[in-house]
Asks: 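I'd like to ask some things about the structure below.
All values reported here derive from a predicted model rather than from experimental measurement. If you read the sequence from its start, that first residue is 1, and numbering goes on from there.
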Amino acid sequence: MPESAFEELGADEEDVAELLMACEEFFDIEFPYDAIETMTTVGDVVRFVDDNR
C-alpha cells in the first residue's frame, strides 16, 4: 500500500491537500508549495515525513 497512487485509492487533489495539511499539523512540518503535484503515492508522503521530522 505505501506505493499505491492516491488516484488508485480514489483520492482526488482536494483529498491529497487535506492529507498533507493534516500531516503538517500532526508532525509539525511543512510540505513544499508544489507537494500536491510531486507527492503521488502514500510512500512519497511517508518518506517526506520521515526525512523532515
Side-chain angles (χ1 to χ4, degrees):
M1 178 130 144
E3 294 309 317
S4 296
F6 291 118
E7 188 176 288
E8 292 173 3
L9 300 172
D12 61 17
E13 205 169 277
E14 186 176 324
D15 296 325
V16 176
E18 289 179 20
L19 171 69
L20 297 181
M21 287 187 294
C23 287
E24 284 180 330
E25 186 174 322
F26 186 83
F27 294 108
D28 194 28
I29 59 173
E30 191 170 317
F31 285 93
Y33 179 74
D34 64 346
I36 195 146
E37 296 163 2
T38 60
M39 308 248 170
T40 58
T41 68
V42 175
D44 292 338
V45 175
V46 170
R47 278 187 292 282
F48 184 85
V49 169
D50 281 345
D51 291 345
N52 291 281
R53 55 181 193 153

Asks: Quick one: side chains of residues 42-53, donor-acceptor pairs under 3.5 Å with protein atoms, not counting sequence neighbours, listed by atom name and distance.
Replies:
| from | atom 1 | to | atom 2 | distance (Å) |
| --- | --- | --- | --- | --- |
| Asp44 | OD1 | Thr41 | OG1 | 3.3 |
| Asp44 | OD1 | Arg47 | NH2 | 3.0 |
| Asp44 | OD2 | Thr40 | N | 2.9 |
| Asp44 | OD2 | Thr40 | OG1 | 3.3 |
| Asp44 | OD2 | Thr41 | N | 3.1 |
| Asp44 | OD2 | Thr41 | OG1 | 3.3 |
| Arg47 | NH1 | Glu3 | OE2 | 3.0 |
| Asn52 | ND2 | Phe48 | O | 2.7 |

Asks: Would you list the pairs meeting salt bridge (charged side-chain N to carboxylate O under 4.0 Å, His left out) in which at least one residue belongs to residues 7-22, sequence neighbours left out?
Replies: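 The answer is none; no pair qualifies.
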Asks: Side chains of residues 21-37: which donor-acceptor partners sit under 3.5 Å, not counting sequence neighbours?
Replies:
| from | atom 1 | to | atom 2 | distance (Å) |
| --- | --- | --- | --- | --- |
| Glu24 | OE2 | Phe31 | N | 2.8 |

